[in-house]
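The structure appears below as structure tokens.
Values below: all heavy atoms of this structure, side chains included; hydrogens, waters and symmetry mates excluded. We number each residue from 1, following the sequence as shown.
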Amino acid sequence: MKQVKIVVFFLLFSSFSNYNWGQGTKNIFEIGFNATRFSNVELYTLYGPHEGYYKHPTGSGIEAIYYRCLTPNTRVGAGLSWQNGRVASYLSGLRRFKFDEVAVPLVFQTGFTFCRKYRFFFTTGAVVGDVIHIRAESPDKNESWHVYNDFDFIEKNSGDTFFIDYYLDAGFSRIVFKQNEISIVPFIKNRINTTWLNLHEKKFMYGIKLTYSIKF
């Protein structure tokens, strides 16, 4: 929770800030698309390959963030994100899970510009959200996957879906179209708390995203 308090402080500070660095743009809207790599929790040996088992699970996502600039090289932001995910498990029978995550990113970013058109930056903060639209599937004797009808009974703690992730990235951007930016951003996330789904997936995630920022 310490990281969340720090980011909230920056957000409150930015709303009252009136920096004095000329006529620089103070507001930025950013939209980004990502590919995220999840990791299965595999404590037991799966004998042979199984069709449909997510050996290397990935998901796609989209986010929109509003940034308020504190100085030309620092900014704080808040937004909304959606992430699709999938993991597989054989901890208590062969199963796979599909789900969505809806969250609010709260971030602080700092960096530097070089050669006038290029910028390197770091972003850190928290992603607060909830896991929704969870679907659990298992294979029958013909190896066809079917959705559990009694999902709530099988996953007794399935209501535990609130999460807080620690977020960190290191990105590279190029200024285009009157000071707007396109960026490529590798990132990592680590789940601070534990949801029931962490019985089947590890807390650590990583990925890459492409973003486009509009300054106004």
Side-chain angles (χ1 to χ4, degrees), residues 1-14 17 27-41 56-87 99-114 118-131 161-175 181-195 197-198 200-215:
M1 295 300 292
K2 183 178 179 180
Q3 293 92 340
V4 178
K5 291 179 180 179
I6 292 173
V7 175
V8 170
F9 169 80
F10 279 118
L11 290 173
L12 292 175
F13 175 78
S14 67
S17 66
N27 304 296
I28 300 173
F29 176 77
E30 179 180 279
I31 186 167
F33 302 89
N34 74 67
T36 299
R37 172 69 161 83
F38 297 87
S39 298
N40 300 328
V41 174
H56 303 287
T58 59
S60 58
I62 184 173
E63 68 178 14
I65 298 180
Y66 164 74
Y67 284 99
R68 176 72 173 180
C69 295
L70 304 178
T71 72
N73 294 316
T74 60
R75 61 189 69 165
V76 291
L80 185 65
S81 69
W82 168 85
Q83 176 70 55
N84 172 260
R86 59 180 188 169
V87 292
F99 54 90
D100 296 320
E101 295 177 352
V102 176
V104 175
L106 303 169
V107 294
F108 170 77
Q109 186 178 106
T110 185
F112 59 90
T113 301
F114 58 96
Y118 300 96
R119 189 170 70 95
F120 187 77
F121 58 87
F122 294 95
T123 312
T124 187
V127 180
V128 182
D130 196 47
V131 185
T161 57
F162 173 79
F163 65 85
I164 301 176
D165 291 345
Y166 173 70
Y167 177 88
L168 179 67
D169 73 33
F172 174 79
S173 67
R174 187 184 191 281
I175 297 174
E181 294 181 359
I182 54 174
S183 306
I184 182 168
V185 191
F187 66 87
I188 59 174
K189 292 192 292 184
N190 189 70
R191 191 137 296 174
I192 297 174
N193 63 314
T194 300
T195 69
L197 197 55
N198 289 123
H200 308 281
E201 68 165 331
K202 296 179 180 179
K203 292 184 175 184
F204 180 78
M205 296 153 276
Y206 63 91
I208 190 167
K209 64 181 178 180
L210 300 175
T211 69
Y212 182 73
S213 303
I214 301 172
K215 298 183 179 182

Within the 4.5 Å heavy-atom criterion, are [X] and [Y] side-chain neighbours or not?
X    : Y    : answer
L210 : S183 : no
F163 : T194 : no
I175 : R119 : no
I214 : I28  : no
I188 : Y167 : no
I208 : I184 : yes
T58  : R86  : yes
F187 : K209 : yes

Out of curiosity, [X] [atom1] to [Y] [atom2], how far, rounded to the nearest 0.5 Å?
X    : Y    : atom1 : atom2 : value
N190 : F204 : CG    : CZ    : 7.0 Å
F121 : S173 : CZ    : OG    : 5.5 Å
T195 : K203 : OG1   : NZ    : 9.0 Å
T211 : D169 : OG1   : CG    : 9.0 Å
I164 : L106 : CD1   : CG    : 10.0 Å
N34  : W82  : CG    : CH2   : 9.0 Å

- Query: Taking all atoms of both residues into account, what is the closest heavy-atom pair of N193 and N198, and its distance?
  - Reply: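 Answer, listing the atom of N193 first, then N198: O-OD1, 4.0 Å.
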
- Item | Closest approach of T36 to M205 (non-hydrogen atoms, all atoms of both residues) |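 Distance-wise, the nearest heavy atoms are CG2-CB, 4.1 Å.
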
- In terms of ring plane angle, is the pair F120 and F122 parallel, tilted or perpendicular, where the classes change at 30° and 60°?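 Because their plane-to-plane angle is over 60°, the rings of F120 and F122 count as perpendicular.
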
- Query: Parallel under 30°, tilted from 30 to 60°, perpendicular over 60°: which one fits the rings of F99 and F38?
  - Reply: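 F99 and F38: perpendicular rings.
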
- Task: Would you check if there is a donor-acceptor pair between the side chains of N27 and Y67 at a distance under 3.5 Å?
- Result: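 No.
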
- Does the side chain of T123 come under 3.5 Å of the side chain of Q109 through a donor N or O and an acceptor N or O?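 The criterion, which ignores hydrogens and geometry beyond distance, is satisfied for Q109 and T123.
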
- Charged N to carboxylate O below 4.0 Å: is that the case for E101 and R191?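 Salt bridge between E101 and R191, a charged N being under 4.0 Å from a carboxylate O: yes.
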
- Pairing of R174 and E181 as salt bridge, 4.0 angstrom limit: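 No.
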
- Step by step, would you call T124 with V107 a side chain to side chain contact (heavy atoms under 4.5 Å, CB included)? CA-CA 6 Å; T124 187; V107 294; over 6 Å; no

- Message: Please check this pair: side chain of N73 against backbone of T110, looking for a donor-acceptor N/O pair closer than 3.5 Å.
- Response: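 No; judged by distance alone, with no hydrogens or angles, the pair does not exist.
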
- Message: Checking the side chain of Q83 only, and the main-chain atoms of S60 only, is there a donor and an acceptor separated by less than 3.5 Å?
- Response: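 Such a contact is found between Q83 side chain and S60 backbone.
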
- Should V128 and F162 be marked as a side chain to side chain contact (heavy atoms under 4.5 Å, CB included) after you check the CA-CA gap, both sets of side-chain angles, and the distance that decides it? CA-CA 8 Å; V128 182; F162 173 79; 3.5 Å; yes

